[in-house]
Every structure is written in C-alpha cells, then in structure tokens.
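In listed order, ligands and their atoms are each counted from 1. Nothing fancy with the numbering, it's 1 onward along the sequence. Everything numeric in this text was worked out from a predicted model, so none of it was measured.
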Amino acid sequence: MTRQPPSQVTDRTDGSTADASRINRRTLLTTIGVTAGALGIGSSTTAADVQPVTDVPGFSCGKRHFTCGREVAAADGMVSSVDPIASGVAATILRKGGNAVDAAVALQYTLNVTQPHGSGIGGGGFMVIYDAAADEITCVNSRERAPRGAEPDMFLDEDGDEIPFDQRHQSGDAVGVPGTLKGLETARKLYGSRPRQQLIGPAIKLARKGFTVDDFLAEQIAENWWKFNDAAKETFSTASGEPLGAGDRLVNADLADTLALIKRGGTDPFYEGEIAADLVETVRELGGTMTTDDMADYDITLDDPVRKDWYDVEIVGQPLPSSGPSVVAMALKMLEFCGIENHELRSPEMYHLVAEAITLAWADRMEYMGDPEFADVPIDGLLDDDYLAKRAGEIRMGDSVAANGCADPGVPPGVDSSGELSDSGGESGATTHFSVVDKHGNAVSYTSTIEQFMGSGKMVPGRGFMLNNELTDFDAEPGGPNEVQPWKRPLSSMSPTMVLNDGVPEFTAGSPGGWTIVSVTAQTLLYRYVYGLDPLESVVEPAIYTYHCSDVEWDSGVPERARETTAEWGHDWDDEASTLGNVQVIDIGEDELIGAADPNRDGQAVGFDRGGCR
Ligand code: GLU
C-alpha cells in the first residue's frame, strides 16, 4: 500500500462527491507515472516511471515482447515483483518457454542477489502454485524449523524476562534451519520444465558481475550496518570500507561461488556439504544450537491450501504454520456477514468494520494458532461460517471491541474454553512477495523472507548470503501454541493468496510487512472485489493495520474525518501516517493478464507477449 493515494480519489467524507470505485484508471496511472501505452496488449512500451534495467542479459523494457510498468497488461505471461531486475529475469524465462514455476524459481534466485535484505537461501517462505493441467493447488512450504536443540525458554534471560528484541534477533538462537533452497528445487522438479542451470544462471552472473545498488538497498545497508558481522560489512562496503550507497556497484563473488556450487550439485552442498558446515559453524559461534544433522534432515512439506468461500469467489492460500491466509479469510468473511458493501469506500463505517474484523480474527490467531505439527489448532472451527457469523455479530457500529484494551478470543467449535493471550509482537516490512502467471494458466503466489530486513545481520563468511532470524516469530514466553519447541516452525503472517472464481485463479496477492501483511492483503482483496477497484487501484488504496488491541496504523489518504469519527468509537489511531506493506498482484482474465506492483518501493510488473501468429 502506498502513502500516495491517487490524487483524484478525493476525501469524500470531507464533502467531495467523487466515487472512488469509479476512478478513471488511466488518470490514476498517469498520476503515478505509467504511460497509457503501457496498458496495450502486445505493446513494448517502457513506462515513464520504470527504471531502465540494464543488468539482465536478453532483457530490456523497450524490447519486443515485454511491457513494463507499475501496472501492465499482456496476453502470454506476467510477473510482478518488488525488483525490476528480478522481474526482468523471470520475464526472460517466460519468453524462453519456461512456465510460471520456472520463472518464479529464477526470480527468487535473483532476489537473493539483488535484494539480500528481504529474502534468500538463508531463509524460508511459502510458494502457492496453481497447476493448470492438473487443476490443482499445492503449497510448497519451506518455512524454517527450530533446530532440535531449541528450548521453549531460549528467548528469556536468567530472570525469566524476555531478552530485548534487538539482542535476541541477532543471536544464533534466532536462526532457523533454512528452507528456501529446498523449496525452490522441489517446486522446480515437481512443476518446472527447465533445468536448474538455466534458472540459477542469471543470479550467478549478477552476483559475479555486480549490479547497481538502488535507494532502498542502500537504505537497508545503512540502517542495518550496526548489526552486520564482518562478512556482511565486507560485502556491503566500498573498497574504502564505507557502506555502499545508491548508485554503487554490489559485487558478491562469494554468493556467486555458492550459487555455482548449487548449480552443479543442487541442494546437497547446501544441506549436507561444505556450505552446511560453514552455516552451522556461524550459527554456533553466535550461540545457537544448530547442527549439521539439523541441516541434513531439513525438508519442505507440500501442503493443501486453506480455502474459504467469500461472496461468490473462494480465497485460497498457504495454511498453517502461516496464519496469514486463514486470518485474511476469517476477517473478510466477517466483513461479508457485516454487509460491508453497504458502506462507502473510505467511510468511517468501512474503516471501523475492517478494524473490528481484523481485531477479532487476530485475537483468535494469538490464542489458537501455531505449527499444526505441534499445536492442536481448531482451524476448521475458526473458519466455520456459523462461528464467523457469531463473531461478526460482536461488531457494533459506534463502539470498538478493543476500546478498553485488547479484544478477547472467541470460542470456536472444537474448543471448550479460552486461555491467556500470548504476544510475540512484530512487524518490520522485510520479506518479499511476488507473483507469476504463464500462458498456460499456471500461477505462482510466493512470499519469501529472512524475517527482519537483512535477517539476523549475519552473513555466512565466504558464502555471501544472510542468515534469517525467523525463530523470533515464536512467542518469547513459553506456554502458548506458538511457543518454541525443537523442530517446530514459527507461526507466520505471510499471506500468499489466490482468489478463485469457479475453481480457477483470477487474482493473486500478498505482501511483506510482518503482522501488517494480513491487514494489507485482506484490504487489497476487499478493494478489488467489494469496491471494484482495478488491480493497481486496489494496491494503492490506503490501508489500515490493526491487531487484537486497538492501535491503528494508516496509510496517508485515510480521511481525517474517518479517523476522527472512529476515534470517538474507541479506535486509537497513530498520530502519523505509515507506509504499509508492499503488495504485488496479478489479475488473470480470460484473454488478458494485468500485473500491478506497489509504487511504494521500486516494484515492477513485466508482461510478456509472444507476438507473431496466434
Ligand atoms: N517473519 C514474518 C512472518 O513470517 C515476515 C517478516 C516480515 O514480513 O517483516 O510473518
């Protein structure tokens, strides 16, 4: 979601008569810098706001077959990611005949190089795949696991107090056994059509030859310098030892060598060979318990998606241990039961209902959710229509359920009584979400992370990649369903989601941002489906973020009157606006794919049209 609302979406609660659901799409695109020509199917227009991508061999936005922009349309393939280089690499794979999974795998390998602050082989993620030929959805779950030596109280000090976050997120105990590489290679083997060598090749070249550091990466290097180990400092600095700035070139020869080992040997060198040994040594030096056996035994799971009907479509996404799509579905279903469509976009009533539904769903998340391999989660009860209708019935216009502190969890079917709320806190904005759709209708919605920006801040010396600090997603306090346990996966908020119409994907969405992910993903779907906004409009429409207690963060563009009115109803709004999420979406029409990338970072959608005779 962006800080900059389209200028023509005026503040209707302040007296304007504009109907935001009828925003002129081309005016909007012009406002945020995309040329109208970039919308034409089959065109190869370079959009005005799009940075020239010179680092991808065989790709340029001006080249035939490709259309680049914040929002573009194309017929034969679409990529939407936060990084123009990675989007370009993925689009090139589509042009060479690769499918959506091939392109997504190449994209993630590339992000490891170009956006080391957000994701990589030192982390984990969730890849939701629609296989068009089989008409099936599978979730490749590469969430990190706690090492077998992890203890429920490992984030408490000797007095039983929580170790401060800034301290614990850099410790070896915070590092989970990484899953991303196994996820990528499993997805490629099961659903891809191209050899690993072809998909990892562009990332190796980029790491070896270097690429230009953009503003966002420069900012992340500067802001996280304090927690970098020597290896990270060396990689992210100039020859004179200064942090790399925007416009500098980042060469990461160690990472190129690591990826070259993977290119030749697949996952083995990483999980069982020399890279595993170095990774474990680094974690143990930081005080962690990870062993080479933990690395060798790591494997992904293939999960059936969580599914929930909503109006006349179905919301589908990664199930637990991500709470994301389940909580998105719970909140949206409550909003359907509340009849949110009867309230105007940006009205106080709309924001109130959104905040209330998310608050109630969040209270249930905190009470009941954890890794289903370890915790007995009443997920069917939480998604049950009668339960959600009853929960929605707790929402009253003019009075917040969290007005006096925190909302209580409900008692879904399958549960006798409620216990204490647990709280692991946390939102950061790290992580990355991207989507790819190919000409066969295969679709990928993938959220990938190393947790905080730059993860733990520690790079494996000589290997060029950052280690995650994902285990801080566990509750520091033992006792709840999300307490630390050996070999358990921490509860996530990542929400790689698809919306199905008649069983077929027609929209994909997701975002980084820790706990805020759920709020912004839910609102993107709300704005697209209930308020009828176009894909990019649904991404830039100002969102709010709340959880089971009453603070509300907001994108600029949320009208002052809506904030003032709902404050009287018990909502505790932040004084200043925030920048929430970074949403990438693809809309899948019968003859046209529309990709949209959130303008609040450098995101870029790239469409592919094969041209020629059809
Ligand atoms: N670790 C977080 C999660 O799995 C994502 C981190 C972020 O997006 O900031 O929910």
Side-chain angles (χ1 to χ4, degrees), residues 1 81-82 111 115-120 122-128 139 141-146 155 165-166 168-170 174-180 183 216 220 223-224 303 317-328 358 361-362 365-366 369-371 423-434 445-457 466-476 482 484 488-497 509-522 543 545 547 553 578-584 598 600-601 603:
M1 298 286 160
S81 93
V82 66
L111 285 177
Q115 302 226 338
H117 48 276
S119 67
F126 302 113
M127 185 179 196
V128 180
C139 304
N141 175 351
S142 60
R143 185 69 165 168
E144 300 92 330
R145 285 185 185 270
F155 292 129
F165 187 81
D166 272 359
R168 70 177 195 262
H169 94 276
Q170 299 188 61
V175 183
V177 183
T180 292
F216 200 82
Q220 293 314 318
E223 282 183 7
N224 292 290
D303 303 341
Q318 172 65 45
L320 292 165
S322 186
S323 66
S326 300
V327 180
V328 166
I358 290 171
W362 205 264
R365 176 210 195 264
M366 300 303 286
M369 293 189 188
D371 182 348
D423 190 345
S424 65
E427 66 192 76
S428 75
T431 309
T432 193
H433 179 83
F434 57 90
S445 181
Y446 189 176
T447 313
S448 175
T449 189
I450 50 173
E451 214 309 275
Q452 292 286 291
F453 281 120
M454 294 289 183
S456 59
M466 303 301 293
L467 289 170
N468 73 81
N469 64 300
E470 214 71 52
L471 304 190
T472 56
D473 278 355
F474 282 120
D475 297 345
N482 189 35
V484 182
K488 190 178 180 182
R489 297 161 299 184
L491 188 62
S492 173
S493 303
M494 292 191 283
S495 305
T497 300
S511 173
W515 284 10
T516 70
I517 293 172
V518 168
S519 288
V520 298
T521 305
Y545 156 64
Y547 54 109
E553 292 181 23
S578 301
T579 302
L580 296 173
N582 179 255
V583 180
Q584 324 298 339
D598 199 327
N600 69 8
R601 292 189 202 166

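Between Ile517 and ligand 1, a contact under 3.5 Å exists for no N or O pair. Any N or O atom pair closer than 3.5 Å counts here, and Gly513 shares at least one such pair with ligand 1. Taking only nitrogen or oxygen atoms, main chain and side chain alike, Thr449 does not reach within less than 3.5 Å of ligand 1.
Annotation: side chain of Arg143 is in contact with side chain of Thr449 (closest heavy-atom distance under 4.5 Å).
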Give the intermediate values and the outcome of side chain to side chain donor-acceptor pair (under 3.5 Å) for residues Asp303 and Gln318.
-> CA-CA 8 Å; Asp303 303 341; Gln318 172 65 45; 3.0 Å; yes
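Between Phe216 and Phe453, the ring-plane angle classifies as perpendicular under the 30° and 60° cut-offs.
Listed for the Asp473 side chain is no donor-acceptor partner under 3.5 Å among the backbone atoms of Pro490.
Contact annotation: for Arg489 versus ligand 1, there are no heavy atoms closer than 4.0 Å.
Listed here is the closest heavy atom pair of Val328 and Ser495: CG2-OG, 4.1 Å.
Contact between Gln452 and ligand 1 is absent, with no heavy atom of the residue lying under 4.0 Å from the ligand.
Atom 3 (C) of ligand 1 has its nearest heavy-atom neighbour, among Thr472, Val518, Asp473, in Asp473. Of the candidates Ser448, Pro321, Ser493, Ser493 brings a heavy atom nearest to atom 10 (O) of ligand 1.
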